[in-house]
Amino acid sequence: MQTRQTLERTLTAIDGRGYGSYKQLRGTYDLGRFQLSVDNVQVDPYAPPSKARAIVDAATAGLPADLVDTPLKRVAVSDFLTRRCHDATRRAARESRDGGAVSIGAPGQEVLPRTSVLIADDRVEARFEVALPAKGRSVLGKAASTILTRIVPQIVESALIHANLDADALRAHVALHLDQEHLRARLAERGLVAFVGDGATLPRRSGDSDLPMDEGAKPFDSPESLRVSFDLPSGRTVTGMGVQEGVTVIIGGGYHGKSTLLRALERGVYPHLAGDGREWVVTRPDAVTIRAEDGRAVTGVDISPFITDLPSGADTTRFTSTNASGSTSQAANLVEATETGSSLLLIDEDTSATNFMIRDNLMRRLIPAEREPITPFVDRIRPLYEEAGVSTVLVAGGSGAFFAVADHVIALDAYTPHDVTDAAHDIADAPREPDGKADRDKSVFTGTAARVPAASALRPKNKTKPAKAKGRGAVQFGTQTLDLGAVVQLVDPAQTNAVARFLDRLADEFDGRLSLREAIDEVYDRVEKEGLDSLSPHSGHPGHLALPRRQEVHAALNRYRGLKVTPRS
């Protein structure tokens, strides 16, 4: 291990030289209270930043043992320390023109497993990206020395040493995380798919902000008929609306909060920060948002429960398209979600294909069932639950077609929910009959054959570099860009970074025998056991990754246009 003096001398010696001289910095340095490991040095000023780790031994960090003795607690503590590091880097940026060179990523409102701060038995590591300064393509050694020997130690001291942290805030952060995950784990045994706590603030500040609305937001108040309570490990009790298994329809006038409630349930698959307003919006972890997605690729998906007898003659039991329509893409999204094992679908009428969702009586009279390839979702929503155990929460603003098939109907009036199930059933008058297709009396969700990818499915000849995330909504895979913009439960660019790593790992997993779900489970289980770092092909700094769900990895894979699958016999 090298000394601080060695680091400073090296930076002085290379000052003014070509940018490539920064490569001499690679190595580990003793900076007193911590070790600085420079793992990767950028090749020029315009390349991705260099990667460095601040390593603090466990005794110096001083984290209380009872806060880091389980994986869930470590996730919460890592998140807390990451946020403190992020705050410290922002302070450094304000106070010094060189401070903005250090970054640890910007966590959002969700608490996710991340690689940004590792908590091990013997140490705490903060993984930074450092933009090493230059004038043109020449080294600025003095500025680099300020960053590495003054700014980084300040960040470490304020954000990684327990004695300098708000100990009560850290404990509260961990307790909230444990309470949220305890509640999530209890949903199924209570027959619930989601919970919305009384007092929750669901509206966001603006369309491009995930922060809570700070003025004028109406606190959530559960209908008495749907109110449930949970006793939590911290000793607190939370009360709110339980969304029960089955079919729940959310209605109401425009701008009264229907979609806002659905978006909150969508994000409720993740725990949230205190003060977010959605701390007690908790959804089953496998819930998937379903929408129409014109133009997406679909490979070998059995959409026959919804679409059959296409005029083109296409086989809908193995439907494949490079440019799916609104209805076929929504059918594929739904079937793929159930393929991952999802027990809850979240659907908004506004982002759905109308002809996939409903056919009114006038259209049924004019176009007979035998001439219509689409069996609308309204005719399949109950079999989906009764045969496959998949619940649905549906926002409907323009049609009452789902009233008769709903177990519960919730009306939003100025963001206040009301249980109007009885009134909706009275209006619907009688249980709705399917439209007379030949499969009316037989099971339609009896299980389809698993899709098995070819061993070479993720090894295109034109792919010479690892997959790479491009922001939150896309992954570059070979010459293809996988558009993940419609995968709305992918909430953090660091998750998309991890999705790219998953795809590269899956290329090694595919053997012509494992199904898509089995292969994803193999890699995912390994990551859960070995940690997110194991996704990285490099030792040391793994890059900024956050754990995506299996559902988002599956969604990315399904949007790869080179995918080749066969049904398991």
Side-chain angles (χ1 to χ4, degrees), residues 72-73 75-90 103-117 159 166 169-170 172-184 194-220 238 240 257 259-285 287-289 346 415 469 471-473 484-485 487-499 532 544-549 551-552:
L72 268 182
K73 291 179 182 179
V75 168
V77 174
S78 172
D79 179 85
F80 186 90
L81 298 184
T82 296
R83 293 174 192 278
R84 298 295 80 78
C85 286
H86 176 62
D87 292 344
T89 62
R90 293 179 67 185
S103 170
I104 199 167
Q109 297 298 98
E110 294 81 15
V111 177
L112 305 171
R114 297 177 180 276
T115 57
S116 47
V117 173
D166 184 333
L170 173 58
H173 191 77
V174 174
L176 176 61
H177 187 71
L178 296 179
D179 279 351
Q180 290 176 355
E181 294 296 41
H182 175 87
L183 197 161
R184 194 184 321 281
F195 172 84
V196 185
D198 288 333
T201 301
L202 304 187
R204 299 295 93 185
R205 193 167 296 178
S206 65
D208 60 355
S209 173
D210 200 34
L211 297 174
M213 183 181 289
D214 47 6
E215 292 184 10
K218 193 168 187 178
F220 190 86
V238 290
S259 295
T260 299
L261 174 56
L262 193 74
R263 295 291 87 77
L265 295 176
E266 177 181 281
R267 293 295 185 95
V269 298
Y270 302 116
H272 283 77
L273 294 174
D276 172 77
R278 300 169 297 186
E279 300 95 314
W280 303 114
V281 181
V282 179
T283 309
R284 285 199 187 176
V288 176
T289 297
L346 305 171
Y415 289 88
R472 186 208 67 82
L484 306 182
V487 185
V488 293
Q489 288 164 294
L490 197 62
V491 298
D492 191 301
Q495 286 182 301
T496 312
N497 289 340
V499 167
L532 262 175
H544 288 160
L545 308 175
L547 187 66
R549 302 182 305 156
Q551 285 75 17
E552 280 66 62

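These numbers come from a predicted model, not from an experiment. Residues: numbered from 1 along the sequence shown.
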Inset, instruction - Kindly check if the number of other-residue, nucleotide or ligand heavy atoms within 6.0 Å of CZ (R90) is above 12? - result: no
Legend entry - R83 with D87: basic N within carboxylate O range, under 4.0 Å: no
Legend entry - Side-chain donor/acceptor of S78 to backbone N/O of V75, under 3.5 Å: no
Inset, instruction - Measure the spacing between NE2 of H173 and CG of L178 and express it to the nearest 0.5 Å. - result: 10.5 Å
Inset, instruction - For E279, enumerate each residue passing the salt bridge (charged side-chain N to carboxylate O under 4.0 Å, His left out) test, keeping only those at least two apart in sequence or located in another chain. - result: none
Inset, instruction - Keeping the roles fixed (side chain from E181, backbone from P271), state whether a donor-acceptor pair exists under 3.5 Å. - result: no
Inset, instruction - Please confirm whether the backbone N or O of L265 pairs with a side-chain atom of T283, one donor and one acceptor, at under 3.5 Å? - result: yes
Legend entry - Sequence-distant partners of H544, ring-ring contact (aromatic ring centres under 6.0 Å, His included), two or more places apart: H541
Inset, instruction - Say whether, by atom type as modelled, one donor and one acceptor occur between the side chain of T260 and the main chain of L202 under 3.5 angstrom. - result: no
Legend entry - Polar side-chain atom of Q489 near backbone of E266 as donor-acceptor pair, under 3.5 Å: yes
Legend entry - Heavy-atom pair of closest approach, residues T201 and A217: CG2-CB, 3.7 Å
Legend entry - Point-to-point distance, once rounded to the nearest 0.5 Å, from CZ of R204 to CG of D214: 10.5 Å
Inset, instruction - Look at the side chain of Q495 and the backbone N and O of L547, then say whether any donor-acceptor pair between them is shorter than 3.5 Å. - result: yes
Legend entry - Spatial distance of atom CZ (R114) from atom CG (D79) [nearest 0.5 Å]: 6.5 Å
Inset, instruction - To the nearest 0.5 Å, tell me how far I104 CD1 sits from H86 NE2. - result: 10.0 Å
Legend entry - Residues forming a salt bridge (charged side-chain N to carboxylate O under 4.0 Å, His left out) with D210, sequence neighbours excluded: R267, R278
Legend entry - Distance (rounded to the nearest 0.5 Å) between L176 CG and L273 CG: 8.5 Å
Inset, instruction - Assess whether side-chain contact (heavy atoms from CB on, under 4.5 Å) is satisfied between F80 and V111, documenting all intermediate values. - result: CA-CA 9 Å; F80 186 90; V111 177; over 6 Å; no
Legend entry - Straight-line distance of R205 CZ to M213 CE, nearest 0.5 Å: 9.5 Å
